[in-house]
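Data block below; observations after.
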Protein chains: 4
Amino acid sequence: MTALQFPTAPRRRSIGARRSPDTERAVLTAARQLLAERGYSGFSVDEVARRANAGKPTIYRWYPTKADLFIAIYAEEKTAAVPTPDTGSLSGDLLAYTQSLWRFWRAHPAGRTVCALIAEAQASEAALGALRGKFLPERTLPVRLLFERAAARGEIAREEIETRLQLWIGFNWFRLLTADIDAEEALPATMRIIAAPHT
Amino acid sequence: MTALQFPTAPRRRSIGARRSPDTERAVLTAARQLLAERGYSGFSVDEVARRANAGKPTIYRWYPTKADLFIAIYAEEKTAAVPTPDTGSLSGDLLAYTQSLWRFWRAHPAGRTVCALIAEAQASEAALGALRGKFLPERTLPVRLLFERAAARGEIAREEIETRLQLWIGFNWFRLLTADIDAEEALPATMRIIAAPHT
Amino acid sequence: MTALQFPTAPRRRSIGARRSPDTERAVLTAARQLLAERGYSGFSVDEVARRANAGKPTIYRWYPTKADLFIAIYAEEKTAAVPTPDTGSLSGDLLAYTQSLWRFWRAHPAGRTVCALIAEAQASEAALGALRGKFLPERTLPVRLLFERAAARGEIAREEIETRLQLWIGFNWFRLLTADIDAEEALPATMRIIAAPHT
Amino acid sequence: MTALQFPTAPRRRSIGARRSPDTERAVLTAARQLLAERGYSGFSVDEVARRANAGKPTIYRWYPTKADLFIAIYAEEKTAAVPTPDTGSLSGDLLAYTQSLWRFWRAHPAGRTVCALIAEAQASEAALGALRGKFLPERTLPVRLLFERAAARGEIAREEIETRLQLWIGFNWFRLLTADIDAEEALPATMRIIAAPHT
DNA sequence: ACGTAAGCGAGACGGTACGTCAGGTCTTAGG
DNA sequence: CCTAAGACCTGACGTACCGTCTCGCTTACGT
């Protein structure tokens, strides 16, 4: 009666009144792969559950919102993948960081995760909240530190940190959302403008 | 729940082997209203058809993709709503234009249309193509002209037009996608950075 | 992924804005077989849809309630399966009819359908309504006619028709619900009591 | 939504290798109330566990089947609620007993328990067994005694006890299952037929 | 003048996914 | 040894959309 996907797959059982790390891993892995393979539109909790041999309610228990799931996926991926540079100048730092980031986005499906999260935020209030309240502050912290270091050096005005940071984020989003993160020629010039000292 | 536009509306009939302008109008109006009321996630072709008293195949015949529908909606809306300023300086021009644009986005549901189109582009290749190939060039043309005028004045380098334009677009998308187009305090400083002459 | 029952089954398509008789037939057949095989507890709309190669919404469109589906199944089955006897006496008529009915219930899974409908009526107000308002009046009409004929003959009082009919129904339900319709020895005596003239 | 009985209830702990009477009581009380409030369809072991502050496995250990739980509930309720009458005639006895029983069913949610048990018996073999082997013999014993007393008086034939008893049970089930135990006008006539001496 | 071709509304169709609830099973912690 | 607690997988629920398809109608156009 029960149609096991892989007849030989040893059905994962409960390990008692505790979360099963196996299940958690299987879910995240399946979600990441699915997002990589089929993108935002092909992503569904049903399919994640199927691939992970997990129950839908289990997934919903941990990640009440798709956004939570996307964040969890991205949190795992980004870990220490993009180093924080120190070139001596803000423009150089931004350039190095952005190049690393884009290289990372190209190599891993992480970029798609960000796109998915942004798209999801257009559809769900909860996702928007998670994006603004949790994802953005955490993920842009390294870049913010670059700006703050520059401000400490007197390179830029302290009041402009937020504005310049948003310019940097916006530029990255634009290129990411239009699937245009391969061409890096314009990057140095762009970063110079973002980092330009006030005249 | 279903808001029949005219509960007693005499069913619209074919007018022969030509597109019915009535239907075309009803569809676009319904789509715009629906997007305004319920946003991207609440938007569905089914509901548009219901509200417009139209058949689904009719809608699909004209707009094979949701993106096409979004573009058609936005095309109608933006018409001559944002004037092209001429303040003498690029920074001033950008500030004036951006303020007008945000005011327009706040007043009309047009901003939601842009968000919807961007989100849809993450889900559909066709939508991405429409966004890059048609929507962006058309809609950003006025701003591009501001940059080109500034380049003609010698304010900025001609090679940097594209870069600066993308910075401007990215910033606007970022604020729009994070539902943060109310606070305008930082706008002047931001526009100054985008317009800053190369040192 | 979707486990098509018959991988080669040509997917049934819409035939326009009308119900497809093919689909209707497939659904009823699948439902009947499922109920026969697995009984009330094993019955699910999902499984019916799977077996019938039909969409769940299609089933719900026609049969908003499980009770409606059960009634439709039973309506098909009972057609002319139980003849109306005429033995000359009420007791004889009832005996003949009841024996035919039980034989029918034993041969076909129709008895299970009745059980399912009664059980469903305990769970859903709508099902109870359908049972009382539609199923019972229709299905017991032949027996009611037996009583009315007897009343016309003067065998029983006209005011007692309803009471005696309920005794007959109740007895049948009791045996059916306790899965005890094989033993017919007591039937003649029971029918004699139900048909006994008032003293 | 979930009505925690005591939101701040100090969670009950194990009292060692013995059944906790507190828990047993809490489970039965919760089950009875739940059945009374929401009927058969609204009844779930999950909800019972929630209300009783108990673990689901605990409930399943004591009552492996829903039917067992229903029986336990009804066993508690019926205790000495319906007296055994002695009017001198079988018809009178049956009438008095049935009236008392219906009054009891109307006043207490006990009737719903019977319905639930019957419905459950259509879904589960175990429940059917419990219904036939345990519930029916126990619960109909008082009525059977009425018939046996009448047989001893010579009012009815001893061989007809079973048949007449089933008529009585069937009639009661029919009215109970169709939620029709308010109208008592027809009761005397019905009981007279069940009790009619053979002619 | 009239047949044909196209546009149109309606809505049924097979699917997929949604988010939730219930059913039972399992393991650990603890008395 | 037994209880309590809760996580786990399964599967069903009823609904919303998707994009396709067929109908029956109406009108304009080409012959």
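If you measure from atom OH of D:Y40 to atom P of E:dC21, you get 19 Å, rounded to the nearest angstrom. Nucleotide E:dG23 holds its P atom 16 Å from the OH atom of D:Y63, rounded to whole Å. Between B:E120 atom CD and F:dC17 atom P there is a gap of 15 Å when expressed in whole angstrom units.
Look at A:R51 and A:E37 and you find a salt bridge, because one of the NZ, NE, NH1 or NH2 atoms lies within 4.0 Å of a carboxylate O, short of that distance.
At E:dG9, none of the side-chain N or O atoms of B:R61 fall inside 4.0 Å of OP1 or OP2 (strictly under the cut-off). Neither OP1 nor OP2 of F:dA4 sits under 4.0 Å from any side-chain N or O of D:W62. Taking only side-chain nitrogens and oxygens, B:T23 never comes nearer than 4.0 Å to OP1 or OP2 of E:dG7. The side chain of D:K66 places an N or O atom within less than 4.0 Å of a non-bridging phosphate oxygen (OP1 or OP2) of E:dG23.
Contacts of D:T58 with the nucleic acid, taken as non-hydrogen atoms under 4.0 Å apart, include base atoms.
Scored by the side chain to side chain contact (heavy atoms under 4.5 Å, CB included) test, B:E125 finds B:L128 as partners (sequence neighbours excluded). Under the side-chain hydrogen bond (donor to acceptor under 3.5 Å, both in side chains) criterion, D:E120 pairs with D:Y40, not counting sequence neighbours. C:A36 meets the side chain to side chain contact (heavy atoms under 4.5 Å, CB included) test with C:P109; sequence neighbours excluded. Partners of D:A31 by side chain to side chain contact (heavy atoms under 4.5 Å, CB included), not counting sequence neighbours, listed by chain and number: D:F43, D:V48, D:L69, D:I73.
With E:dT16, E:dA17, F:dC13 as the choices, the nucleotide that has an atom nearest any side-chain atom of A:D46 turns out to be E:dA17. Out of E:dA17, E:dA22, F:dA12, the shortest distance to the side chain of A:R50 is found at E:dA17.
A salt bridge (charged side-chain N to carboxylate O under 4.0 Å, His left out) check over residues 55-65 of chain C, counting only residues at least two apart or in different chains, returns the pairs C:D46-C:K56.
Overall bending of the helix from E:dA1-F:dT31 to E:dG31-F:dC1, expressed as the angle between end axes built from five pairs apiece, is 20° (10° steps).
Comparing A:G55 and C:F43, the nucleotide of DNA chain F nearest to each residue sits closer to the 5' end for A:G55. Each of C:E47 and C:P64 has a nearest nucleotide on DNA chain F; the 5'-most of these lies closest to C:E47.
A donor-acceptor contact under 3.5 angstrom links the side-chain atoms of C:K56 to the base of F:dG14.
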